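The structure displayed is predicted, hence computed values, not measured ones.
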Amino acid sequence: MQWLRLIRCLLALAALAAAPALTVGVRAASEIHEHGASGTYPGRVLDEIARHRRAVLARARSGFVPQSSGTAPAVDVGEIAVIPDDGTLVTAPNLFDLDFKHLTFRPAGAGYAVEAGSGGFDAAAATQGTLLNPPPGSQPPGIGDDDSREISIGFSFPFFGESYSTLFINSDGNLTFRAGDSASSDRSLGRILAGPPRIAPYFADLDPSVAGQLRYVSEPGRLVVTWNQVPDYSSFGIGPRETVQVALRADGSIQFSYAGIQGSAAVVAIAPGNSSDPPLVMDFSAAAGQTFLGAAAEVFAVTSSLDVVAVSQRFYQTHEDAYQYLVVFTNFEFSLNGAFAYELNIANAVTGLGRIGLTPTFDYSRDFGSERLESLLNMGNLNRYPADPAAVFLRGVDSTLSVLGQEAGHRFLAYALFRDPETGAHSTELLGRDL
């Protein structure tokens, strides 16, 4: 089947305002999602960089050798740069491999050391203490889907240089400090990094309002939180159930334990929050005392995805650094995680957009092989688009050009918040249904 990979190609479309236009493309997922949703969200660039680094690490450990391009070298066809995949442009699935194991994070200087081991789940703690999701109709009402509860830790807990006496238990398999997290947006690594300080044993779309038990036990010097048989959110019936536990101790140590994981995608991480730096990408199952500063994470998924960082790097190996936008189409299948297309904000020097108090400027262009790249659009499967770019084909309103325009607009509008003069709060009214 090697020849199948060799005939895959990338067509990436790049254009620079007031500069020569160049086109590059790629053909991707065969499924046409009826909602046509955009997969753009703040901080996604950090997710893509982390996914790329994880793929590079996995290939290095496996001894992977890129396949020869043979008779299909990179070539420009008119305004289209055609780049064959040699096995390094698509990330492989990263299946969850921590079930019935535990991870221990111990303070080490200004950071942590992490080590994996077998077992470790406290079955007694999983059935004791305070139940946060009692049956519907109970008083007080229980924690719901996309919900959060603040509790007292019971002792002073040190975390990345700060000490906390309270924390928020969030329904989606994580704990946060300073603020809860009840958002329904993508359970992504970018959301972990940019959000409040967080401990995430299994960050996924869990729904304790329909089944399972979400409990915590507070003891002298120890707090244990358990999501016991809590299902993933499902529009129909009850989703796969997850059993995961996190224990905090007064010395600052943290333990994640797993006793039955059936879901397909999650982020496992600890993070100091409000960060714009890519995290340390880990293979937690092989952790043997590695130390780190800042965030450390592993993203698990059962699908392959386009490594847009690798695509961009490959493009710049044979093209000048003269473009602010790259637009990518594929002619092979990969997961877009339910989206029709998405845009990455790679660099921004403009102030005045985004939540007040956060640094609005950033530049990750060097990770993509450039010094001036600002935006990358992943348009997905070329076969999903009609030959006429102005023809309406999606949701009865969208053409290829309108999808392209919407995604390109995220370069300027993905973070556009404003202070509501009536409430004084930050408003998301300028943003779309997925914020």
- Message: Run Ile346 and Ser375 through side chain to side chain contact (heavy atoms under 4.5 Å, CB included) and show every step you take.
- Response: CA-CA 5 Å; Ile346 292 172; Ser375 176; 5.9 Å; no
- Any donor-acceptor N/O pair, Ser62 side chain to Ala58 backbone, under 3.5 Å: yes
- Query: Would you say Leu404 and Met379 make side-chain contact, with heavy atoms under 4.5 Å?
  - Reply: yes
- Item | Stepwise salt bridge (Lys or Arg N to Asp or Glu O under 4.0 Å) test for Lys101 and Asp99 | CA-CA 5 Å; Lys101 298 180 182 179; Asp99 207 6; over 6 Å; no
- Message: If you apply the rule side chain to side chain contact (heavy atoms under 4.5 Å, CB included), what do you find for Asn174 with Phe168, and how did you get there?
- Response: CA-CA 9 Å; Asn174 70 102; Phe168 292 84; over 6 Å; no
- Task: Would you check if there is a donor-acceptor pair between the side chains of Thr243 and Gln229 at a distance under 3.5 Å?
- Result: yes
- Query: Is there a donor-acceptor contact under 3.5 Å linking the side chains of Thr226 and Asn228?
  - Reply: no
- Between Phe256 and Tyr202, ring centroids under 6.0 Å: no
- Query: Would you call Arg61 and Asp283 a salt bridge, taking side-chain N to carboxylate O under 4.0 Å as the test?
  - Reply: yes
- Query: Testing Asp232, Asp181, Asp172 for salt bridge (Lys or Arg N to Asp or Glu O under 4.0 Å) with Arg187, which one passes?
  - Reply: Asp172
- Answer yes or no: is there a donor N or O on one side and an acceptor on the other, between the side chain of Glu242 and the main chain of Gly263, under 3.5 Å? yes
- Message: Suppose we call two aromatic rings close when their centres sit under 6.0 Å apart. Are Phe160 and Tyr112 close by that rule?
- Response: yes
- Side-chain ion pair, Arg411 and Glu374, N-O less than 4.0 Å: yes
- Heavy atoms, side chains only, cut-off 4.5 Å: are Leu344 and Tyr364 in contact? no
- Task: Show your reasoning for whether side chain to side chain contact (heavy atoms under 4.5 Å, CB included) applies to Leu326 and Val308.
- Result: CA-CA 10 Å; Leu326 291 179; Val308 291; over 6 Å; no
- Message: Whether Asp47 and Arg191 form a salt bridge (side-chain N of Lys/Arg under 4.0 Å from carboxylate O of Asp/Glu) is what I want to check.
- Response: no
- Item | Member of Thr166, Leu223, Ile199 meeting the side chain to side chain contact (heavy atoms under 4.5 Å, CB included) criterion with Phe157 | Ile199
- Between CZ of Arg44 and OH of Tyr342, what distance do you get to the nearest 0.5 Å? 4.5 Å
- Query: Side chain of Arg106, backbone of Ile254: donor and acceptor closer than 3.5 Å?
  - Reply: no
- Query: Distance only, no hydrogens: is a donor on one side chain within 3.5 Å (strictly under) of an acceptor on the other, for Asp97 and Ser285?
  - Reply: yes
- Identify whether NZ of Lys or CZ of Arg in Arg372 sits under 6.0 Å from the centre of the six-membered ring of Tyr323 and within 45° of that ring's axis. no
- Message: Quick check: do Asp76 and Ile80 have side-chain heavy atoms less than 4.5 Å from each other?
- Response: no
- Item | Ion pair check, Arg314 and Asp307, cut-off under 4.0 Å | no
- Query: Side-chain donor-acceptor pair under 3.5 Å between Asp367 and His52, yes or no?
  - Reply: no
- Message: Taking Glu343's backbone N and O only, do any of them form a donor-acceptor pair with Thr40's side chain (distance below 3.5 Å, no angle check)?
- Response: yes
- Taking atom types as modelled, find out whether Ser370 and Asp321 have a side-chain donor-acceptor pair closer than 3.5 angstrom. yes
- Message: For a quick check under 3.5 Å, do Thr91 and Ser305 share a side-chain donor-acceptor pair by atom type?
- Response: yes
- Query: Regarding Asn170 and Ser148, is there a side-chain donor-to-acceptor distance under 3.5 Å anywhere?
  - Reply: yes
- Message: Please report the interatomic distance OH(Tyr164) to CZ(Phe159), rounded to the nearest 0.5 Å.
- Response: 7.5 Å
- For the pair Thr130 and Ile151, evaluate side chain to side chain contact (heavy atoms under 4.5 Å, CB included) and give the outcome as yes or no after the intermediate values. CA-CA 11 Å; Thr130 302; Ile151 67 164; over 6 Å; no
- Query: Using a distance-only test with no angle check, is there a side-chain donor-acceptor pair under 3.5 angstrom linking Ser253 and Gln255?
  - Reply: no
- Hey, does the side chain of Asn133 reach the backbone of Pro208 with a donor-acceptor pair shorter than 3.5 angstrom? yes
- Task: Could you pull out the closest heavy-atom pair between Val268 and Pro201, with the gap in Å?
- Result: CG2-O, 3.3 Å
- Message: Looking at Phe155, I'd like to know if the NZ or CZ of Arg222 sits under 6.0 Å from its six-membered ring centre while staying within 45 degrees of the ring's axis.
- Response: no
- Message: Tell me whether Glu298 contacts the main-chain N or O of Val267 through its side chain, where contact means a donor paired with an acceptor under 3.5 Å.
- Response: no
